[in-house]
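Heavy atoms only: backbone and side chains are in, while hydrogens, waters and symmetry mates are out. The chain is numbered in sequence order, starting from 1. Worth saying up front: this structure is predicted, and the values here are computed from it rather than measured.
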Amino acid sequence: MAKSFNVVVPALAAALALSACASNGGLPTLPPAQFQASEDGPGAEYVVGPLDSLSIFVWRNPELSTSVTVRPDGRFTTPLIEDMVATGKTPSALAREVEQKLATYIQEPIVSVIVNNFNGPLSQQVRVVGEAARPQAIPFRSNMTLLDVMIAVGGLTEYAAGDSARLIRYDKASNTQKEYAVKIESLLKGGKTNANIAVQPGDVIIIPESFF
């Protein structure tokens, strides 16, 4: 009897696993995230992206201080500096480069760069497409979860197949894109906390339309 039980249990476990994969379209799932992060420490330092609004302050040189918007090509122009690349740099690194440029014209410039409107590069955004109320790209912030993303896009439309949604994530280790099943309807309407996963910069969430 014991031998028979040992055979049945693995077979049952395998059947359940196959059933779970089938319900997720064969895609793997991600572990749930905490609704409240245990530590709200700082995340990775912010990187400037296209369409970010910057305030550039040059100490004791108000005529050189200005506010600019980073162009779609990732560059900006200020007094004495033309077509400087901003994207991919932190505000502090950008300030040091502006100082180097201005050092040609003024003695020992001291520059501060403040980001006023955050967009970030695409690699630092979370993009939501399909049957969200307001599909859009959202700047990633530290400890962001699927629930935070769905609040930002206004939830699902009435035609959404929320539990058939997919999350596409770039995996640096394998240099490939991976897809995961996400259960948005279970999270928002069913209150299933284990469906609330952590998102990462660059994630793309695709929400299909229901055919029923």
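Between Val153 and Gln136, the closest side-chain pair of non-hydrogen atoms falls below 4.5 Å. For the pair Pro121 and Val47, the minimum side-chain heavy-atom distance is below 4.5 Å. Contact check for Val111 versus Glu97: no side-chain heavy atoms found under the 4.5 Å cut-off. Side-chain contact between Val68 and Thr77: absent, with no pair of heavy atoms (C-beta onward) separated by less than 4.5 Å. You'll find the side chain of Leu147 reaches within 4.5 Å of the side chain of Leu188, heavy atoms only. Within the 4.5 Å cutoff, the side chain of Pro28 has heavy atoms near those of the Tyr180 side chain. Residues Pro50 and Asn119 fail the side-chain proximity criterion, which asks for heavy atoms closer than 4.5 Å. A 4.5 Å side-chain heavy-atom check between Ile205 and Leu146 finds at least one atom pair inside the cut-off.
No path of Ile, Leu, Val, Met, Phe, Trp and Tyr side chains, each step under 4.5 Å between heavy atoms, connects Phe57 with Leu102, placing them in separate hydrophobic clusters. Transitive grouping of hydrophobic side chains (ILVMFWY, heavy atoms separated by less than 4.5 Å) keeps Leu27 and Ile168 in distinct clusters. At a threshold of 4.5 Å between side-chain heavy atoms, the hydrophobic network of Ile, Leu, Val, Met, Phe, Trp and Tyr places Leu80 and Leu54 in one connected group. A continuous path of Ile, Leu, Val, Met, Phe, Trp and Tyr side chains, each step under 4.5 Å between heavy atoms, connects Leu156 with Ile151, placing both in one hydrophobic cluster.
We find the CD1-CZ distance between Ile110 and Arg60 to be 8.0 Å, quoted to the nearest 0.5 Å. Taken to the nearest 0.5 Å, the CD1 atom of Ile138 stands 11.5 Å off from the CZ atom of Arg127. Taking CG from Leu30 and CG from Asn196, the interatomic distance works out to 11.5 Å, rounded to the nearest 0.5 Å. Taken from NZ in Lys192 to CG in Asp163, the straight-line distance is 7.5 Å, to the nearest 0.5 Å. Between atom CD of residue Glu131 and atom CD of residue Glu158 there is a gap of 9.5 Å, rounded to the nearest 0.5 Å. The CD1 atom of Ile81 sits 7.0 Å away from atom CD1 of Ile56, with the distance rounded to the nearest 0.5 Å.
The nearest pair of heavy atoms linking Val115 to Pro91 is CG2-CG, 3.7 Å. Shown here for Ala103 and Pro109, the closest heavy-atom pair between the two residues is N-CG, 3.8 Å. Scanning both residues, Ser174 and Thr176, for their nearest heavy atoms gives OG-OG1, 2.6 Å. Residues Phe140 and Pro201 come closest through the heavy atom pair CD2-CG, 3.5 Å. Of all heavy-atom pairs spanning Ile197 and Ala33, the tightest one is C-CB, 3.7 Å. Smallest separation of non-hydrogen atoms from Ala195 and Lys183: CB-O, 3.5 Å.
Side-chain atoms of Thr157 do not come within 3.5 Å of backbone N or O of Ala132 as any donor-acceptor pair. Gln125 places a side-chain N or O within 3.5 Å of a backbone atom of Gly120 that can act as its donor or acceptor partner.
Remark: Asp203 engages Arg169 in a salt bridge, criterion side-chain N to carboxylate O under 4.0 Å.
Enclosure of atom NZ in Lys89 by more than 12 non-hydrogen atoms of other residues, nucleotides or ligands within 6.0 angstrom is indicated.
Under the side chain to side chain donor-acceptor pair (under 3.5 Å) criterion, Glu179 pairs with Arg166, sequence neighbours left out. Taking Asn61 as the reference, Val58, Glu63, Leu64, Ile106 meet the side-chain contact (heavy atoms from CB on, under 4.5 Å) condition, with sequence neighbours excluded.
A side-chain donor from one of Thr145 and Asp148 sits under 3.5 Å from a side-chain acceptor of the other. There is a side-chain donor-acceptor pair under 3.5 Å between Asn175 and Tyr170.
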side-chain contact (heavy atoms from CB on, under 4.5 Å) for Leu94 and Met84? Distances and angles first, verdict last. CA-CA 10 Å; Leu94 184 57; Met84 185 170 185; 4.1 Å; yes

Steps toward side-chain contact (heavy atoms from CB on, under 4.5 Å) verdict (Val48, Phe76): CA-CA 12 Å; Val48 175; Phe76 68 93; over 6 Å; no

Evaluate Ile207 against Val128 for side-chain contact (heavy atoms from CB on, under 4.5 Å), listing each step before the verdict. CA-CA 8 Å; Ile207 307 171; Val128 183; 3.9 Å; yes

Go through the steps for Val98 and Lys101 under the test side-chain contact (heavy atoms from CB on, under 4.5 Å), then give the verdict. CA-CA 5 Å; Val98 173; Lys101 295 284 186 181; 5.6 Å; no

